[in-house]
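What you see is a predicted model, and the numbers here were worked out from it, not measured in a lab. Chain identifiers are assigned alphabetically (A, B, ...) following the order of the sequence lines, protein sequences preceding nucleic acid strands; residue numbering begins at 1 within each chain. Every heavy atom of this structure was used, including side-chain atoms; hydrogens, water molecules and symmetry mates were not.
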Number of protein chains: 2
Amino acid sequence: MGKAEDTKARVERAALTLFVARSVAETTTREIAMAASIAEGTIYRYFPSKERLALDMFLRHHRALAEALDEAQRPHATLGPKIDAIVRCYCDWADRDWTLFAYHLLNQHSFLAQVPDDAPNPVNVVRDVIDQAMTAGEIPKHNADLAAASAIGVVLQAATYKVYGRFEGPLSPHVKFFADAAWAVLAVKTG
Amino acid sequence: MGKAEDTKARVERAALTLFVARSVAETTTREIAMAASIAEGTIYRYFPSKERLALDMFLRHHRALAEALDEAQRPHATLGPKIDAIVRCYCDWADRDWTLFAYHLLNQHSFLAQVPDDAPNPVNVVRDVIDQAMTAGEIPKHNADLAAASAIGVVLQAATYKVYGRFEGPLSPHVKFFADAAWAVLAVKTG
DNA sequence: ATTAAATAAGTGAGCAATCGCTTTTTTCAA
DNA sequence: TTGAAAAAAGCGATTGCTCACTTATTTAAT
């Protein structure tokens, strides 16, 4: 890695950590610079603004996660294995870079409106998988968005609890529980 | 309602709306005053700071929701009816004052650390109900916090989707689905 | 020598909060 | 009932400060 790239990466990592610990709005460029051991002005050699620094990191992770989830589910033919693969992929990503995952989780409200319509989207990946399973008669037909929300909630609320410190340790050991629980939600007959 | 109380309520409602639409940090006292049709200085007759205005509203709702959930579940003896009552109560609260509910949902990360330890807590109410059901052998024994997170996630992620505009309309029509899904999550045998 | 990278001292805009003042409401003696 | 005095509510220009971002200068790699 060249020196410039290293500096850019250090700025991103420092910003990420602070953005999660406090929030984007409450983190100052001065703090980011101090945490990255550089001068404040150096940030602006790599990013046009604090907002764009925050947005770029969000969008990059958003797209990469969507692509990873889609690749994980694609090889499988039926809903059961697809759920397993998606849940495992989610948990792996959370455990591999928890700070980045938490940043993405906590800042959807701020940035979701700025995701390009045609960009890969983690939520759409799950929704489409569920939609297909409903069409194929694998699970009862409901509102697919609502069913997707509740199924995703099984995993994401656990991740949210981890952010709040209500729950500790990696998510991966609970993959089987999450996958079974998500399946159970989708198999519910009433609606 | 006296004039002063009316003004205080107008300040809170204006702040709430803006805090949800943007965020606490990105909302200015000037904007709050304009939305409430009062002068900026008048805010400080009723609140010592913008932070306290934001915190007070969060804590009041946090405590009231916890007490409502506890009262809703208490009359029932077994887990099934307790889940029904809790889910119905959650959805009623969300539908009755969606802005307040969304504010509470979106700002847990900022304020949860400032909740007094002895204050009633919505999450603890649910966790305790699940804990008792596990002890009574109504459902398989797991980590109660994790099970509570996943069960609550079924409802809260749907509410989150509503915040993001992925899902429309009141939550109450889906109470039966949410309750059945939460039950299904808790009945999962693997862990 | 050239130039990209980094620095550090600005700069001005925008912010929360203040305060001296005015207006409105309440109190209560005559 | 009246109306003068007191208290409460409301105002908005001002203040001091913090912030994101800029720019003139220095450092160091090739």
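- Of the possible polar contacts, none joining the A/D131 side chain to the A/R127 backbone as a donor-acceptor pair under 3.5 Å is found.
- Nearest heavy-atom pair across B/Y46 and B/T7 is CE1-CG2, 3.8 Å.
- If you check residues 11-26 of chain A against DNA chain C, you find no residue with a heavy atom closer than 4.0 Å.
- Between B/H174 and B/V87 the shortest side-chain heavy-atom distance does not fall below 4.5 Å.
- Counting to the nearest Å, the C1' atom of C/dG14 and the CD1 atom of B/I32 are 15 Å from each other.
- Whole-Å rounding puts the A/D6 CG to D/dA29 C1' distance at 15 Å.
- Considering only side-chain atoms of A/R45, the nucleotide from D/dG10, C/dT7, C/dA5 that sits closest is C/dA5.
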Write down the protein N/O and nucleotide N/O pairs, taken from nucleotides 17-19 of chain C, whose separation is under 3.5 Å; answer none if there are no such pairs.
from   : atom 1 : to    : atom 2 : distance (Å)
C/dA17 : OP2    : B/Y44 : OH     : 3.0
C/dA17 : OP2    : B/K50 : N      : 2.9

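- Salt bridge annotation for B/E12-B/R60: present, with a cationic side-chain nitrogen under 4.0 angstrom from a carboxylate oxygen.
- Between B/L53 atom CG and C/dA16 atom P the separation is 11 Å, expressed in whole Å.
- Salt-bridge annotation for A/R13 and A/D97: present, with a side-chain N of the basic residue lying under 4.0 Å from a carboxylate O of the acidic one.
- Per the geometry, CZ belonging to A/R30 stands 10 Å off P belonging to D/dT18, to the nearest Å.
- Atom C1' of nucleotide D/dA9 and atom CZ of B/R10 are separated by 12 Å, given to the nearest angstrom.
- The backbone N or O of A/T27 sits less than 3.5 Å from a side-chain atom of A/K50, completing a donor-acceptor pair.
- By the 4.0 Å N-to-carboxylate-O rule, B/R74 lies close enough to B/D70 to be salt-bridged with it.
- In this structure, CE of B/M34 is placed 12 Å from P of C/dC15, rounded to the nearest angstrom.
- A sub-4.0 Å separation between OP1 or OP2 of C/dA5 and a side-chain N or O of A/T7 is absent.
- The only member of B/T42, B/I32, B/I38 that meets side-chain contact (heavy atoms from CB on, under 4.5 Å) when paired with B/R10 is B/I38.
- Rounded to a whole Å, the CZ atom of A/R52 is 16 Å from the C1' atom of D/dA20.
- Side-chain atoms of A/H142 come within 3.5 Å of backbone atoms of A/T190 as a donor-acceptor pair (strictly under, hydrogens ignored).
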